[in-house]
Amino acid sequence: MADKRDYYDVLGVTRTASDQELKSAYRKLALQHHPDRNPDNAHEAGETFKTITEAYSVLADPQKRAAYDRFGHAGVSGSGGYSPDFTSTIFSDFEDIFGEMFGFGSASGRRGGTRNRAERGADLRYDLELSFEESALGLDTKIKIPRPEVCPGCSGRGARKGSEPVLCSACGGRGQVRTQQGFFTLSRTCPQCGGMGQVIKEPCNICHGEGRVRQEKVLGIKIPAGVDDGMRLRVTGEGEAGIMGGPPGDLYVILRVREHAFFERRGNDLYCAIPLSVAQASLGTEIKVPTLHGHERLRIPEGTQTGSVFRVRGMGLPNLEGRGQGDLYISIHVVVPTHLTREQRRLLEMLQGSTRIENKPLQRRVAEKVKDIFG
């Protein structure tokens, strides 16, 4: 064993290399020196490949690595000569490498089991558009979902009624076939049965062996009051039907809420702007303000200024968690007339003569407050 190369040198790593560094080094060298990647020099490449595989199979095993670090090659060699011990760790690395090189799922050469026949159905998405009022008040509606459902002719088995699937002749029911690659035996999913281990000789004449048929399902959907744009409702078990008896997927309803003509939503509160005439704002008045439940009367005190905000309690949106109701906020905008009659002008001139306002700039904080009522 005196002429055997140091395993760390074979892989080109230091003696303190981590498990990931060992794996990366082995992966790189294995891809480089595999015989099937070196058809013009397959024998020499095969010998090199054996050497790096031998080195990695020792250093990837913590116990063997410890023995090698302490006693060298003598610590990991039996009297009958060395043979790499292909543990589950190195097998998983082979699967990664050879899957990339040849498209196989396993390089272990061990007998593989059949693929699980039952598979969960895929989830589905449905975008539902709502008016602002529908999102605020809630809604019971119906939607149509095109989706694969269990075939009524074969109950999802894919075989014609009265017949049964038969053992796959290509893989003998294992679901995998073996292929020789150099000096390794690799396993991959059987192309004839798709890993099922069985094939359908007499497919169902309704689903043609698929086990599912596409149908349109009408579902009743309850939209709770207070939902917002972009929210997602999950309807369990209403996605695609499962394969071969597997459970169905789920349906996700994505809510799209249209904007309101004058209400603006902020959390569970509503905001809107109401115009007043100069006379109404000056003298005070009582107005009707819109809500989602009709109209409410609101008293406007005399001398109300543009930007004044009034709150109507409990006229916002309900909390989805059942904790109370939001409020409605009314912002006042005093409208200055642009076209005056002679009488209106005369009256305003009289008013101007009896009132006096100093036209000085507003303090900045006051101006910003007025500007950002809805900011």
Side-chain angles (χ1 to χ4, degrees), residues 1-116 170-172 174-191 194-195 197:
M1 290 181 288
D3 59 343
K4 290 179 73 71
R5 287 181 61 193
D6 181 82
Y7 287 150
Y8 291 100
D9 290 341
V10 170
L11 296 180
V13 297
T14 65
R15 302 187 76 83
T16 59
S18 65
D19 292 342
Q20 186 57 47
E21 289 172 331
L22 288 172
K23 182 176 180 179
S24 298
Y26 172 68
R27 180 185 180 86
K28 179 179 179 181
L29 292 171
L31 290 171
Q32 179 182 348
H33 295 288
H34 192 279
D36 290 345
R37 286 201 164 187
N38 298 272
D40 297 333
N41 194 17
H43 178 73
E44 184 177 341
E47 293 301 315
T48 303
F49 188 82
K50 288 179 182 179
T51 301
I52 60 177
T53 299
E54 174 184 323
Y56 182 68
S57 67
V58 169
L59 299 183
D61 186 308
Q63 294 181 344
K64 291 181 180 178
R65 182 177 181 179
Y68 179 76
D69 289 344
R70 188 173 182 184
F71 302 108
H73 292 290
V76 293
S77 297
S79 57
Y82 181 79
S83 177
D85 179 13
F86 296 110
T87 63
S88 60
T89 299
I90 197 170
F91 272 134
S92 66
D93 296 337
F94 283 161
E95 291 175 10
D96 291 342
I97 293 170
F98 297 140
E100 178 180 308
M101 291 171 62
F102 308 111
F104 295 120
S106 173
S108 64
R110 294 172 292 180
R111 175 171 177 158
T114 59
R115 182 162 62 95
N116 186 3
C171 65
R174 292 189 300 270
Q176 293 186 342
V177 292
R178 299 177 181 179
T179 305
Q180 193 73 26
Q181 291 289 339
F183 49 86
F184 283 101
T185 300
L186 305 177
S187 297
R188 62 171 177 169
T189 300
C190 176

Note, E54 side chain near V76 side chain (heavy atom, < 4.5 Å): no
Give me the atom names and distance for the closest heavy-atom approach of A25 to L11. CB-O, 3.4 Å
Which heavy-atom pair separates A60 from P62 by the least distance, and what is that distance? O-CD, 3.6 Å
How many angstroms lie between atom CD of E47 and atom NZ of K50, to the nearest 0.5 angstrom? 4.5 Å
How close do Q176 and C171 get, heavy atom to heavy atom, and via which atoms? O-CB, 3.3 Å
Going from CG on D69 to NZ on K64, what distance comes out if it is rounded to the nearest 0.5 angstrom? 14.0 Å
Quick one: list whatever passes side chain to side chain donor-acceptor pair (under 3.5 Å) with E44, sequence neighbours left out. N41
Do F49 and H33 make the cut of ring centroids closer than 6.0 angstrom? no
Listed partners of Y68 passing side chain to side chain donor-acceptor pair (under 3.5 Å), at least two apart: D6
With heavy-atom distances below 4.5 Å as the criterion, would you say the side chains of Y8 and R65 are in contact? yes
Would you confirm whether S24, through its side chain, and E21, through its main-chain N or O, come within 3.5 Å as a donor-acceptor pair? no
Please enumerate all residues that pass side chain to side chain donor-acceptor pair (under 3.5 Å) together with Q63, with sequence neighbours excluded. none
Enter the distance from Y7:OH to S57:OG here, rounded to the nearest 0.5 Å. 7.0 Å
Does any N or O in the side chain of N38 come within less than 3.5 Å of the main-chain N or O of Q32, such that one atom is a donor and the other an acceptor? yes
How far apart are the closest heavy atoms of L22 and L59, and which atoms are they? CD1-O, 3.5 Å
When every non-hydrogen atom of A30 is compared with those of I52, the smallest separation belongs to N-CD1, 3.6 Å
